[in-house]
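What follows is one structure encoded as structure tokens, with my remarks underneath.
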Amino acid sequence: QVHLVESGGGLVQTGGSLRLSCAASGRTFSTYVMGWFRQAPGKEREFVAAIMWSGDNTYYAHSLKGRFTISRDNANNTVFLQMNSLKLEDTAVYYCANRWRRGRNLDVARPYEYDSWGQGTQVTVSS
């Protein structure tokens with residue numbers, strides 16, 4: 001199975017930036033798509049971004065498009081999330097997720113589409 005470990009979270013002021021990393025190990029050769037989700041206290045887990053492990057397709061939550069950028073380093077089995085112009089409402093635990101199954105009409109924004117999850121990394125934005 002794929003084991004995921006997130007890093008790069010921390011405390012930043014509004015308008016600042018953070019770059020999250022997610023290192024994958026295990027059956028990385030089978031990865032089909034990787035995504036980022038976040039969950040704030042009292043809220044449901046929500047989609048942030050996703051990237052196909054081959055090709056150039058990326059997907060973003062509409063409200064985050066332009067501020068967040070997802071990228072990958074296939075050689076090092078790592079996915080990144082560059083977060084710019086951070087807002088208070090970006091405060092959450094950020095999780096990376098992996099899906100190894102090919103999908104038909106796949107909705108990458110749904111958590112149930114993913115097979116493996118990291119432990120999460122805390123991002124706190126203060127004014």
Side-chain angles (χ1 to χ4, degrees):
Q1 302 300 314
V2 177
H3 183 242
L4 307 173
V5 178
E6 303 97 335
S7 62
L11 175 65
V12 298
Q13 291 186 318
T14 55
S17 299
L18 280 176
R19 190 190 193 199
L20 306 182
S21 298
C22 176
S25 61
R27 293 185 59 187
T28 54
F29 58 86
S30 64
T31 296
Y32 182 59
V33 61
M34 293 190 69
W36 286 97
F37 292 76
R38 67 185 185 183
Q39 187 167 22
K43 297 183 179 180
E44 296 183 346
R45 189 166 299 189
E46 66 175 346
F47 173 71
V48 175
I51 187 169
M52 306 303 294
W53 214 243
S54 62
D56 58 357
N57 288 353
T58 57
Y59 309 86
Y60 295 92
H62 184 74
S63 63
L64 303 178
K65 181 72 173 181
R67 294 197 299 120
F68 289 13
T69 303
I70 189 169
S71 61
R72 67 175 191 263
D73 181 349
N74 297 66
N76 292 299
N77 301 312
T78 303
V79 64
F80 305 96
L81 183 69
Q82 179 67 44
M83 305 185 294
N84 298 324
S85 302
L86 285 164
K87 304 175 180 180
L88 293 176
E89 53 264 40
D90 295 321
T91 294
V93 176
Y94 284 71
Y95 300 89
C96 67
N98 170 275
R99 176 187 172 99
W100 60 79
R101 296 166 292 155
R102 300 180 69 88
R104 183 182 66 180
N105 196 27
L106 177 67
D107 186 352
V108 298
R110 298 298 187 93
Y112 65 74
E113 297 280 22
Y114 294 83
D115 304 304
S116 301
W117 294 84
Q119 82 289 345
T121 185
Q122 177 71 49
V123 172
T124 302
V125 184
S126 63
S127 61

Mind checking whether Trp36 and Val79 have side chains closer than 4.5 Å, heavy atoms only? yes
One should read off an interatomic distance between Thr14 OG1 and Leu86 CG, to the nearest 0.5 angstrom, of 9.0 Å
ring-ring contact (aromatic ring centres under 6.0 Å, His included) between Phe47 and Tyr59, worked out: CA-CA 10 Å; Phe47 173 71; Tyr59 309 86; 7.8 Å; no
Assess whether side chain to side chain contact (heavy atoms under 4.5 Å, CB included) is satisfied between Met83 and Val12, documenting all intermediate values. CA-CA 11 Å; Met83 305 185 294; Val12 298; over 6 Å; no
What I'd like to find out is whether the side chain of Leu20 reaches to under 4.5 Å of the side chain of Glu6, using heavy atoms alone. no
Does a side-chain heavy-atom distance below 4.5 Å link Val93 with Phe37? no
Trp117 and Val108: same hydrophobic cluster, using ILVMFWY side-chain contacts below 4.5 Å? yes
Quick one: CD on Glu89 to OG on Ser63, what's the gap to the nearest 0.5 Å? 9.0 Å
Does any pair with a residue in residues 56-120 pass disulfide (SG to SG under 2.5 Å), and if so which ones, sequence neighbours excluded? Cys22-Cys96
Distance in Å, Ile70 CD1 paired with Thr58 OG1, rounded so as to fall on 0.5 Å steps: 8.0 Å
Grab the two heavy atoms, one from Ala49 and one from Tyr60, that are nearest each other, plus how far apart they are. CB-CD2, 3.7 Å
Pairs in or reaching into residues 42-60: which pass salt bridge (Lys or Arg N to Asp or Glu O under 4.0 Å), with residues at least two apart or in two chains? Arg38-Glu46
Output side-chain donor-acceptor pairs under 3.5 Å for residues 120-127, partner residues at least two apart or in another chain, one line each.
from	atom 1	to	atom 2	distance (Å)
Thr121	OG1	Gly9	N	3.2
Gln122	NE2	Ala92	O	3.4
Gln122	NE2	Thr124	OG1	3.3

Report yes if the side chains of Tyr32 and Arg101 come closer than 4.5 Å at any heavy-atom pair, otherwise no. no
Between Leu106 and Arg99, does the side chain to side chain contact (heavy atoms under 4.5 Å, CB included) criterion hold? Intermediate values first, please. CA-CA 11 Å; Leu106 177 67; Arg99 176 187 172 99; 3.6 Å; yes
Once side-chain hydrogen bond (donor to acceptor under 3.5 Å, both in side chains) is applied, do any residues pair with Asn84, and if so which ones, sequence neighbours excluded? Ser17, Gln82
Look up atom CG in Asn77 and atom OG1 in Thr31, then write down how far apart they are to the nearest 0.5 Å. 7.0 Å
With disulfide (SG to SG under 2.5 Å) as the rule and sequence neighbours excluded, what pairs involving residues 45-94 come up? none
Whether the side chain of Asn98 engages the backbone of Ser116 through a donor-acceptor N/O pair (distance < 3.5 Å, no angle test) should be reported. no
With ILVMFWY side chains joined below 4.5 Å, transitively, what does Phe80's cluster contain besides itself? none
Compare every heavy atom of Met34 with every heavy atom of Trp53, then report the nearest pair and how far apart it is. CZ3-SD, 3.4 Å
Just so I know, are the side chains of Leu64 and Asp90 near enough to count as touching, which here means a heavy-atom distance under 4.5 Å? yes
For residues Tyr114 and Ala50, report the shortest heavy-atom separation together with the two atoms involved. OH-CB, 3.7 Å
Shortest non-hydrogen separation from Val2 to Ala24 and the atoms involved: CG1-CB, 4.1 Å
Assess the residue pair Tyr95 and Val48 against the criterion (side chain to side chain contact (heavy atoms under 4.5 Å, CB included)); give the C-alpha distance rounded to whole Å, side-chain angles, the decisive distance to 0.1 Å, and a yes or no. CA-CA 9 Å; Tyr95 300 89; Val48 175; over 6 Å; no
Residues Ser21 and Thr78: closest non-hydrogen pair is CB-CG2, 4.4 Å
